[in-house]
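One structure is given here, and the rest of the page talks about it.
Quick note on labels: first sequence line is chain A, next is B, and so on, each numbered from 1.
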Number of protein chains: 2
Amino acid sequence: MARYLPGLQTRDRILDSTRWLLARVGLDGTTLSAILERAKVRSGSFYNLFDSKDEAILTVIREAINAVDPHPDGVGKDTVEELVDAYVEFITGQPTLAKIYLQTAVGGAMTDETLAHRVIAHHEARVSRLADAIRRQTRTSKAKSQLEAELLLAGLNGLAFHWLLDDDFDIAARARDLLASR
Amino acid sequence: MARYLPGLQTRDRILDSTRWLLARVGLDGTTLSAILERAKVRSGSFYNLFDSKDEAILTVIREAINAVDPHPDGVGKDTVEELVDAYVEFITGQPTLAKIYLQTAVGGAMTDETLAHRVIAHHEARVSRLADAIRRQTRTSKAKSQLEAELLLAGLNGLAFHWLLDDDFDIAARARDLLASR
DNA sequence: CTCAAAATAGAGCGTATACTCAAAAACAAG
DNA sequence: CTTGTTTTTGAGTATACGCTCTATTTTGAG
């Protein structure tokens with residue numbers, strides 16, 4: 001058995017627990033004791049692996065932000081439809097991370113400035129990638145495709161927002177409608 | 001001086017304080033002592049006027065949800081443009097309440113079930129009102145205008161979302177673009 | 001098996017929170 | 001002014017939080 005494996009395993013258990021709690025009960029509900037109980041770990045072990053409770057939480061949130069951007073290798077090749085599908089799949093397939101992502105964005109809690117910038121940066125990256133795809137397919141001007149991408153992504157975020165409120169909302173169908181209505 | 005006036009005034013001060021704090025520091029930061037300090041009220045007075053801290057917070061949140069729906073008298077008359085303008089004005093003019101509204105929607109914190117239903121109900125009311133306006137102007141079918149309204153509102157929510165992240169984002173201009181792109 | 005390093009356990013600490021309550025103060029009608 | 005009511009005060013309580021620390025157990029290479 002590799003040497004530092006047990007520690008890494010409990011670290012994973014802690015992050016799993018934190019991720020689960022963040023999505024279900026939000027930032028408030030994600031208390032240390034809740035994390036510990038779910039991860040079956042005692043506080044001493046926790047503080048051998050993380051400097052603070054916030055470190056565990058920020059680790060999970062960063063992971064959520066990164067997860068919004070799929071297939072980083074396919075930049076410059078994918079179609080608009082593929083990008084929209086990828087977004088919907090992310091939202092519905094990983095509602096846990098999706099919720100955390102949107103919660104972080106709306107902010108209020110977790111007043112970490114750098115986190116907000118990170119979300120903005122990711123948002124802009126997704127806009128320009130979408131704009132590229134639009135430009136490749138429709139050969140519109142750069143400014144126009146940028147605007148179109150911005151509006152499309154706003155629509156998708158709005159749909160995600162609605163879906164989080166209402167599980168029965170058919171986000172995939174509405175995303176297709178959104179694409180068709182362009 | 002009217003009899004129960006002083007009590008009502010401190011009640012207002014408390015709600016003002018709560019509203020301000022909810023928007024600036026979020027739900028977490030809105031502690032009792034923060035509310036008390038800002039309202040210049042001691043805990044005893046607070047608990048003469050509210051049963052709990054949550055009661056004050058929920059009062060403010062309900063107010064925020066209701067504020068999303070402007071001019072309830074103009075139902076059946078307003079144009080799509082007017083409704084979109086009203087939405088943008090609400091968001092930019094009352095960012096405090098807007099932020100609380102979106103935070104409530106994304107949820108996580110404040111696990112009040114009835115609150116989520118309230119947000120959904122309001123959302124649906126706005127969709128159908130928007131759909132009516134669309135129908136009046138374009139004479140499309142009921143189903144089609146309903147869908148169009150849903151997508152338009154999703155777009156607006158997405159833009160609001162972006163604006164909350166980034167103050168410099170020109171939500172009014174983008175909302176106009178969104179209208180123009182239909 | 002031995003033993004040093006790694007990992008866990010869990011009692012305990014300081015602090016902040018929401019909330020209570022008895023007493024004092026402010027107030028307005030008679 | 002007197003009096004009963006409303007309002008405010010602020011010390012005090014119980015609880016939950018994040019976190020520390022030492023003792024104990026587990027681990028795995030030699």
Residues which pass side-chain hydrogen bond (donor to acceptor under 3.5 Å, both in side chains) with B:Arg135, listed by chain and number, not counting sequence neighbours: none

What integer distance in Å separates [X]:[atom1] from [N]:[atom2]?
| X | N | atom1 | atom2 | answer |
| --- | --- | --- | --- | --- |
| A:Asp54 | D:dC19 | CG | P | 7 Å |
| B:Leu8 | D:dT6 | CG | C1' | 12 Å |
| A:Phe46 | D:dC21 | CZ | C1' | 17 Å |
| A:Arg42 | D:dA23 | CZ | C1' | 16 Å |
| A:Leu49 | C:dA9 | CG | P | 12 Å |
| B:Phe50 | C:dT20 | CZ | P | 15 Å |
| B:Lys40 | D:dT9 | NZ | C1' | 15 Å |
| B:Asn48 | D:dG10 | CG | P | 15 Å |

Going by the rule ring pair (Phe, Tyr, Trp, His ring centres under 6.0 Å), which residues pair with B:His123 if we only count those two or more places apart in sequence or in a different chain? A:His162

If pairing requires Watson-Crick or G-U wobble contacts with both distances under 3.5 Å, which nucleotide is the partner of D:dA16? C:dT15

Residues in side-chain contact (heavy atoms from CB on, under 4.5 Å) contact with [X], at least two apart in sequence or another chain:
| X | result |
| --- | --- |
| B:Thr140 | B:Ile134, B:Thr138, B:Lys144, B:Ser145 |
| A:Trp20 | A:Arg24, A:Arg38 |
| A:Glu37 | none |

Spell out, as yes or no, whether a donor-acceptor pair under 3.5 Å connects the side chain of A:Arg19 to the backbone of A:Val60. no

Along nucleotides 11-18 of chain D, 5' to 3', which nucleotides get a B, which get an S, and which get a -, given that the test is a protein heavy-atom distance under 4.0 Å? B-----SS

